[in-house]
Amino acid sequence: MTTSSEHQAYDFAYVQEKWLPIWDRIEPFKSGRVDDARPKKYVLDMFPYPSGDLHMGHAEAYALGDVIARYWIQKGFNVMHPIGWDAFGLPAENAAIKRNADPRDWTYENIATQKASMRRFACSFDWDRVFNTCDPEYYKWNQWLFNQLHKRGLAYRKDSAVNWCPSCQTVLANEQVVAGLCERCDTAVTKKKLNQWYFKITDYADRLLDDMEQLEGKWPDKVLTMQRNWIGRSQGANVKFVIEGRSEPVTIYTTRPDTLFGATFMVVAADSALAAELAAGGPVEKEFSDYLEKIKAASDIDRLATDRPKSGVDLQRFAINPVNGEKLPIWASDYVLADYGTGAIMAVPAHDQRDLDFARAMKLPVRVVVETGEEDPAVTGVATSGDGTLINSGSLNGLNKEQAIAAITAQLEKDGLGSAARNYRLRDWLVSRQRYWGTPIPIVHCDKCGEVPVPDSELPLLLPEAKGLDLKPKGQSPLAAATEWVNTKCPQCGADAKRDTDTMDTFVDSSWYYLRYPSSTNHSEPFNRAEIDTWLPVDQYVGGVTHAILHLLYSRFFTKVLYDLKMLNFTEPFTRLLNQGMVVMDGSAMSKSRGNLVRLSDELEHHGVDAIRLSMVFAGPPEDDVDWADVSPSGSVKFLSRAWRLSGDITSQPGVDFSTGDISLRKATHKALHDAAFAVESFRFNVAVARVMELVNATRKAIDSGCGAADPAAREAVEAIAIMLSLVAPFTAEEMWERLGHKPAIALAGWPTVDPALLVDDEVEAVIQINGKIKDRMQVAPSISDSDFEAAALALPSIIAELKGATPKKVITRAPKLVNIVL
RNA sequence: GCCCCCGUAGUCCAAUGGCAGAGACAGAGGACUUAAAAUCCUUCCAGUGUCGGUUCGAGUCCGACCGGGGGCACCA
């Protein structure tokens with residue numbers, strides 16, 4: 001075997017091979033031994049989906065997560081940095097269909113591949129805590145949690161028009177429909193009336209919104225905004241309208257009750273039960289059903305077109321406006337949504353653009369009730385939705401919008417005609433899927449007892465073997481064909497019964513996985529309360545912004561449910577969130593079809609693990625996309641070898657007293673340690689790297705033409721460089737550490753204590769300005785007082801000359817950096 | 001259409017309201033070398049998208065606009 005001294009050039013391949021087995025033995029990243037007195041830190045990377053080997057995106061994400069985890073370890077924390085696999089889902093199933101194989105085999109093979117790659121990538125994971133969501137030991141608890149939700153009415157079934165992907169042949173959650181397309185395969189999503197399982201996330205809408213206060217400043221604003229928009233709370237009023245010829249009044253929801261006097265017609269959602277009822281038996285029944293057929297045929301894409309002309313059917317029925325007794329014609333149209341509010345609206349064309357568009361198309365009257373000073377909407381075609389003075393509105397006349405809303409809401413409540421109300425854009429979470437590779441829903445359907453949960457003692461309800469099942473999508477779960485599995489006895493009455501054949505959305509799996517890591521081998525409960533209390537909530541979560549709504553919202557929901565079940569003592573799962581950007585090539589996402597795919601394995605082969613990690617971290621702020629075309633992995637190699645070379649130059653012995661070392665290099669070292677720590681804690685990892693580069697440059701210079709290699713300050717500097725580098729380039733750092741005479745592992749060396757005395761400069765260069773323009777500079781002591789500083793500045797010959805005897809109007813002094821003389 | 005983020009050298013990016021340049025890539029030159037590579041050193045390059053405002057002082061704060069990116073989108 002070659003020794004490191006024989007390697008006079010930096011050889012990343014040799015260093016990688018050398019240290020991996022040693023680290024395997026030392027296991028520096030095991031967390032949570034019982035006697036561990038260090039304060040805890042839970043650093044979590046979003047777990048990967050095992051869809052092949054790791055790619056460039058993984059490399060970036062795990063490099064960044066590693067900087068954080070390794071930093072806190074160096075700072076003396078007991079860090080848990082676990083990893084697992086989000087292993088259920090469609091890609092495995094599709095791959096299995098294509099190869100006529102078992103999704104299990106494909107999945108576990110990919111997990112093994114990724115795991116090996118992560119080890120080579122030197123991820124600081126605690127390998128003792130690994131689990132996969134497709135392990136029965138894990139999905140058992142999915143089922144257990146499903147039962148908990150079911151028991152409390154938070155998991156329920158209903159008939160509804162659901163999003164249906166004709167290609168995947170499965171239903172999709174609202175969150176999985178992106179611009180009318182299936183998020184997975186980009187097929188246009190259609191609607192289908194089905195009986196499906198839902199989680200009642202809408203019960204938690206207010207808390208999901210209000211608890212975001214806890215996350216302010218700790219999560220990216222962007223994500224908080226996206227979640228707020230997604231939940232979409234709106235404040236308004238419900239108003240009851242009497243319908244001629246119908247015993248029950250119809251309630252409508254509006255955010256503008258102040259415009260009630262301006263309502264000139266009513267619209268009900270064409271696909272609502274109410275519309276069908278109002279049309280039934282009337283003169284327009286045929287016209288209505290034709291219209292309904294037409295809009296059902298339209299895809300979501302058509303529906304999304306903003307300039308689509310308004311359409312509808314006059315139902316020839318009438319509603320009575322409760323405030324003025326006017327008869328309003330009732331129309332059915334698809335521009336009103338059946339599942340928002342009450343599926344019926346009052347139309348105020350003067351002050352709502354959609355209503356105005358409809359009124360103009362159908363030649364319906366427009367009545368202005370809020371004078372905004374703008375032109376008549378009936379003429380311009382532009383609704384005036386802003387504030388103004390109420391007119392044509394009885395007792396509301398003269399009020400502004402806000403006053404009118406308060407007044408009319410109070411009046412309606414008093415008269416029993418309406419009440420203040422809230423609505424949400426958020427819909428309940430559709431969790432059932434008609435596919436094989438997921439957690440079976442633990443419900444038995446019994447003719448006598450109805451929905452009966454599989455008893456906890458019988459969990460996990462194992463997924464039947466894939467062998468012999470046709471996994472091809474056909475609109476019904478493949479599990480339905482597993483007759484032996486489907487046919488069972490009712491757990492309650494013992495009669496013949498059938499199992500539910502749907503599986504759970506894989507987002508159920510990922511909604512609570514972070515709770516499992518502390519207890520990943522616990523067989524008797526999903527997670528252990530004492531361990532949860534020790535480790536949770538997650539201190540730092542790292543992952544892509546693609547999960548800004550779906551995964552993060554669902555996880556927050558689960559946490560709140562579990563809090564209500566008294567299984568947790570916190571209400572937000574992720575204290576801090578960092579969203580890393582994507583790795584792109586020449587400005588666009590990498591893909592095989594684009595021909596701009598960069599293979600991680602090739603990059604690692606050419607430049608080594610450390611250089612790739614360094615390139616990812618140094619490329620820019622972590623939230624920004626990394627354009628691989630802009631980064632220079634060979635530059636990273638160059639820098640690493642420069643740093644590595646320093647470790648071979650040091651001639652002093654380990655343990656030498658640094659305090660006798662060269663003061664200027666010592667100052668540079670302590671400043672770098674201080675600044676790099678600050679940069680890491682504020683997620684400016686690229687800046688932290690720059691600080692290390694600076695110190696490397698300063699140390700090179702000091703050794704070559706300054707204090708020399710034997711000076712204790714040189715050792716102090718190089719040790720600091722190695723420790724700082726260990727966050728980003730663990731192999732190089734470990735090799736440097738050994739060449740410096742230390743034993744592994746540098747990951748546990750500890751961040752050197754910064755001496756505040758060494759952070760103070762002897763002298764600083766101050767700037768003297770006149771009217772904000774720099775006129776002179778001077779060297780001053782950092783501790784100089786404002787008055788001394790000002791006097792010294794005014795005494796400078798150049799300043800005296802410049803002032804020509806004029807008296808300054810004002811002098812702004814910021815010791816020790818700047819004096820600004822205002823004339 | 002509404003909301004959010006971002007515009008700094010050829011490129012990627014730094015700069016608690018206080019000297020626009022920390023770091024790097026690319027380029028140029030030099031030292032070393034028979035030469036090259038490697039290494040070391042030196043160096044060119046913008047006044048911060050545009051216009052206005054606040055301020056003693058603005059890349060930084062405010063407003064408008066231009067350009068780029070993202071989210072939501074008939075949610076009454």
Side-chain angles (χ1 to χ4, degrees), chain A residues 9-10 178-180 220-230 232-234 236 252-257 259 263 267 269 303-308 310 333-337 339-348 351-355 357-358 385 423-427 545 548-549 581 587 614-615 618-621 623-627 629-636 638-639 641-642 645 675 678-679 684 686-697 700-701 704-705 765-774 776-777 808-814 817-823:
Chain A
Y10 172 71
V178 179
D221 288 341
K222 185 180 163 182
V223 174
L224 295 177
T225 307
M226 282 167 72
Q227 293 218 353
R228 281 195 189 97
N229 291 342
W230 187 262
R233 180 161 65 193
S234 87
I252 61 97
Y253 173 73
T254 178
T255 54
R256 291 295 302 276
T259 63
V267 187
R303 213 160 296 178
L304 284 170
T306 43
D307 49 358
R308 205 164 60 100
K310 291 280 187 285
S333 173
D334 64 347
Y335 89 90
V336 170
L337 306 177
D339 60 350
Y340 183 78
T342 59
I345 63 155
M346 66 169 191
V348 185
H351 307 297
D352 182 279
Q353 191 59 49
R354 296 153 301 188
D355 296 346
D357 292 344
F358 191 83
S385 57
N423 263 302
Y424 305 89
R425 220 194 60 107
L426 183 72
R427 306 294 146 88
V545 73
I549 298 173
L614 177 68
S615 299
F618 186 55
E623 315 80 40
D624 289 7
D625 286 352
V626 173
D627 194 328
D630 291 330
V631 309
S632 168
S634 59
S636 297
K638 209 168 106 180
F639 164 70
S641 68
R642 216 166 123 78
R645 226 175 301 119
D675 291 358
F678 181 70
R684 283 145 55 242
N686 53 326
V687 177
V689 171
R691 294 289 96 87
V692 182
M693 288 174 167
E694 249 177 304
L695 184 59
V696 167
N697 292 342
R700 178 80 268 153
K701 200 169 275 184
D704 290 349
S705 56
E765 189 178 58
V767 175
I768 318 302
Q769 300 177 328
I770 293 177
N771 288 337
K773 299 228 167 10
I774 297 158
D776 206 351
R777 293 151 202 277
K809 216 182 283 173
K810 203 195 268 182
V811 180
I812 287 109
T813 307
R814 295 283 178 274
K817 306 199 75 168
L818 166 139
V819 175
N820 187 16
I821 301 157
V822 185
L823 293 179

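Just so it is clear: chains get the letters A, B, ... in the order the sequence lines come, proteins before strands, and each one is counted from 1.
- Of the candidate nucleotides B:A15, B:C3, B:A22, B:C3 has the atom nearest to the side chain of A:Thr225.
- Counting distance only, with no hydrogens placed and no angle test, the side-chain atoms of A:Arg691 and the base atoms of B:A22 include a donor-acceptor pair under 3.5 Å.
- Rounded to whole Å, the distance from CZ on A:Arg233 to C1' on B:A76 is 18 Å.
- Of the candidate nucleotides B:C72, B:G23, B:C25, B:C72 has the atom nearest to the side chain of A:Ile549.
- Under a 3.5 Å cut-off, the side chain of A:Asn423 and the backbone N or O of A:Ser234 do not form any donor-acceptor pair.
- Closest to the A:Arg700 side chain, of the nucleotides B:C72, B:U39, B:C40, is B:C40.
- Nearest-nucleotide positions on RNA chain B for A:Ala766 and A:Asp625 put A:Asp625 closer to the 5' end.
- The shortest distance between the side-chain N/O atoms of A:Asn686 and the OP1/OP2 oxygens of B:A14 is below 4.0 Å.
- OP1 or OP2 of B:C40 has at least one side-chain nitrogen or oxygen of A:Arg645 nearer than 4.0 Å.
- Checking B:U39, B:A76, B:C12 against the side-chain heavy atoms of A:Lys638 singles out B:U39 as nearest.
- Cation-pi geometry between A:Lys310 and A:Tyr335 is met: the NZ or CZ atom falls under 6.0 Å from the ring centre, inside 45° of the normal.
- Nearest nucleotide to the side chain of A:Ile774, out of B:A14, B:C41, B:A20: B:A20.
- Between B:A24 and A:Asn697, a contact under 4.0 Å exists linking OP1 or OP2 to a side-chain N or O.
- With distances taken from any side-chain atom of A:Ser234 to the nucleotides B:A22, B:A24, B:A76, the minimum falls on B:A76.
- Comparing B:A15, B:C72, B:A14 against the side chain of A:Pro621 picks out B:A14 as the nearest.
- In this structure, the OH atom of A:Tyr424 is 18 Å from the P atom of B:A73, given to the nearest Å.
- Between A:Asp704 atom CG and B:C41 atom P the separation is 7 Å, expressed in whole Å.
- When the side-chain nitrogen and oxygen atoms of A:Arg642 are compared with OP1 and OP2 of B:C40, one or more of them lie within a distance under 4.0 Å.
- Spacing between B:C2 and B:U11 at atom C1', rounded to whole Å, works out to 35 Å.
- The minimum heavy-atom distance linking A:Ile821 with A:Pro808 is given by the pair CG2-CB, 3.5 Å.
- With hydrogens and angles ignored, the 3.5 Å screen pairs a side-chain donor or acceptor of A:Asn771 with a backbone N or O of A:Leu823.
- Evaluation of the salt bridge (Lys or Arg N to Asp or Glu O under 4.0 Å) rule for A:Arg700 yields A:Asp649, A:Asp704 as partners, not counting sequence neighbours.
- Taking only side-chain atoms of A:Ser632, from C-beta outward, the nucleotide of B:C25, B:A24, B:C41 with the closest atom is B:C25.
- To the nearest whole angstrom, the two P atoms, one in B:A9 and one in B:G59, are 14 Å apart.
- Comparing B:A76, B:A22, B:C72 by their nearest atom to the side chain of A:Trp230 picks out B:C72.
- Note: CG (A:Asp355) to P (B:G1) measures 20 Å, nearest angstrom.
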Item to check | Dot-bracket summary - RNA chain B, pairs being Watson-Crick or G-U whose distances fall under 3.5 Å, with | when paired to another strand | outcome: (((((((..((((....[..).))).(((((.......))))).....(((((..]....))))))))))))....
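- Comparing the same atom, C1', in B:A28 and in B:C44 gives a spacing of 7 Å after rounding to whole Å.
- The two atoms that bring A:Ile549 and A:Gln227 nearest to each other are O-NE2, 4.0 Å, heavy atoms only.
- A:Arg814 and A:Asn820 share no side-chain donor-acceptor pair at under 3.5 Å.
- What you find for A:Gly341 and A:Tyr253 is that their closest heavy atoms are CA-CB, 4.3 Å.
- As rounded to the nearest Å, B:A46 and B:U34 have P atoms that lie 39 Å from one another.
- When rounded to the nearest whole Å, the span between CG of A:Leu337 and P of B:A76 equals 10 Å.
- Closest approach of A:Thr342 and A:Ile252 over heavy atoms only: OG1-CA, 3.5 Å.
- With C1' as the reference atom, B:G1 and B:A76 are 16 Å apart, rounded to whole Å.
- Heavy-atom nearest nucleotides on RNA chain B were determined for A:Val767 and for A:Asp221, and the one closer to the 5' end corresponds to A:Asp221.
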Next on the checklist: Protein within reach of the bases, or only the backbone? For nucleotides 55-60 of chain B, mark each nucleotide 5' to 3' as B, S or -, using heavy atoms under 4.0 Å.
Outcome noted: -B----
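- Note on A:Tyr335: every side-chain N or O is 4.0 Å or more away from OP1 and OP2 of B:A76.
- For A:Lys701, counting side-chain heavy atoms from C-beta on, the closest listed nucleotide (B:G23, B:C3, B:U42) is B:U42.
- Taking atom CG on A:Asp334 and atom P on B:A73, their separation rounds to 17 Å, with Å as the unit.
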Item to check | Pair A:Asp352-A:Arg256, salt bridge (Lys or Arg N to Asp or Glu O under 4.0 Å): steps then yes or no | outcome: CA-CA 9 Å; A:Asp352 182 279; A:Arg256 291 295 302 276; over 6 Å; no
